[in-house]
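By convention in this document, chain letters (A, B, ...) are assigned in the order of the sequence lines, proteins followed by strands, and residues within each chain are numbered from 1.
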Amino acid sequence: MTDREIFEKVVELRSAGVEACLATVVGAGGSTPREVGAKMIVCADGTTYGSVGGGCGESQVKSAALRALLVTGRPELVEVDLTDDLGTRGGDVCGGRMWIFVEPLQKKG
Amino acid sequence: MATDLWERVCDLLEQGRSACLATVVASEDEGRVGRRLLVLPGGQVEGTTGLPELDRQIARAASDALADLRRGWVEIPEGHRVFLDVLAPEASVLVCGAGHIAVPLAEFARTVGFRVTVLDDRPDFAHPDRFPGCHVIARDFREALAEMPLGPHWYVVVITRGHEHDAECLEAVLRRPTAYVGLIGSRRRVGFVLEMLGRQGIPQSRLRDVFTPIGLPIGGESPAEIALSIVSELVCVRRKGPGQARVLRRAVEEGS
């Protein structure tokens, strides 16, 4: 999804009162699958829009987003170490690190 | 937020304008995390972090990021890490001619992040069913092009069914700035079209901007392979600039 499509989805979800979290790649080092600025929306029911990592690290990002959404309720900066995935999935080529900013989206007031 | 910056960002991108969404992603002052500003080219600022001095420093960093179109985070005293999300209109591809190459071309271009518009004067070819997710225009080429807001983030692919339409499209397109213009065809057909345009007053320097024959020379033959070579060239121009695409062409031609 393009940035524009992501932001349009953010506006749509907020208007609909859907609980969701926006995850943005704000830093990256080493070999990473997506570039700085890549974004993903994670809804409370697990639905996602966009991608920040394809197969690599996406589950970690999703977990961090759901934690921010359902547990802490606060935005935070999370480091995702993709070398963890390297050992468990033989075919993956990712080996870097990403810093993801996850923030719960407030419903439109 | 005092104003809804999300909606504001959507409006700006829809209008084809750039902006930098600056967000405090880490801070010694935890209450500041998640605060953001929207900074426009020219320096206008919307939103606030709640600290006027921090706002000023962020606005300066954001203006620099906008000028360079460079995303990333910056450390701002005292103890704030701010992510500068430079948002620019999506690179848009205009496909002139909705024949057999246009279908895979539109799909590939969308996959790699371009926004795609397809134009043809034949309604059965320029049909939304053939081009899901694209803006499809069934209209006389000249009329449609006269009204399109082409600009520096547009990549134009001219693959119509005949040189008359090729020339029509190019004449309209070449009078405006674009990121890329490519024309399909044999060297003979291309030469004919460009010569015609030269006689109509298009400057030689602008004619030289046209990539012909269109697409990186990967030897593609099927419509999908030709589409792949065209989209590869578009990506190369977007990432590295037109000079790099021309270098690649020469390298392959010299190697053959």
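One distance of note links CG of B:Leu12 with CZ of A:Phe7; it measures 11.0 Å at 0.5 Å rounding. Put simply, CG on B:Asp85 and CG on A:Asp3 are 6.0 Å apart, with the number rounded to the nearest 0.5 Å.
Heavy atoms of A:Glu8 lying under 4.5 Å from chain B belong to its backbone as well as its side chain. Of the atoms belonging to A:Val10, it is side-chain heavy atoms, and not backbone ones, that fall under 4.5 Å from chain B. Of the two parts of A:Ile100, neither the backbone nor the side chain holds a non-hydrogen atom closer than 4.5 Å to a non-hydrogen atom of chain B. With a 4.5 angstrom heavy-atom cutoff, A:Leu105 touches chain B only via side-chain atoms.
For CZ of B:Arg246, the number of neighbouring non-hydrogen atoms (other residues, nucleotides, ligands) closer than 6.0 Å is greater than 12. Counting non-hydrogen atoms of neighbouring residues, nucleotides and ligands closer than 6.0 angstrom, the NE2 atom of B:His153 exceeds 12 such neighbours. No more than 12 heavy atoms of other residues, nucleotides or ligands shown are found within 6.0 angstrom of CD on B:Glu78.
For residues 19-32 of chain B, the interface with chain A (any heavy-atom pair closer than 4.5 Å) comprises B:Leu21, B:Thr23, B:Val24, B:Val25, B:Ala26, B:Glu30, sorted by residue number. Interface residues of residues 71-78 of chain A toward chain B, defined by a heavy-atom distance below 4.5 Å and sorted by number: A:Arg74, A:Pro75, A:Leu77.
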- Message: Assess the residue pair A:Arg14 and B:Asp4 against the criterion (side chain to side chain contact (heavy atoms under 4.5 Å, CB included)); give the C-alpha distance rounded to whole Å, side-chain angles, the decisive distance to 0.1 Å, and a yes or no.
- Response: CA-CA 11 Å; A:Arg14 292 178 74 236; B:Asp4 194 307; 2.6 Å; yes
- Message: Determine whether A:Phe101 and B:Val33 satisfy the following criterion, side chain to side chain contact (heavy atoms under 4.5 Å, CB included), listing intermediate values before the conclusion.
- Response: CA-CA 10 Å; A:Phe101 185 63; B:Val33 173; 3.7 Å; yes
- Item | Working for side chain to side chain contact (heavy atoms under 4.5 Å, CB included), residues B:Phe83 and A:Trp99 | CA-CA 11 Å; B:Phe83 177 60; A:Trp99 283 266; over 6 Å; no
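Between B:Arg71 and A:Gly37 the shortest heavy-atom distance is NH1-CA, 3.6 Å. B:Trp73 and A:Val26 get closest at one heavy-atom pair: CE3-O, 3.3 Å.
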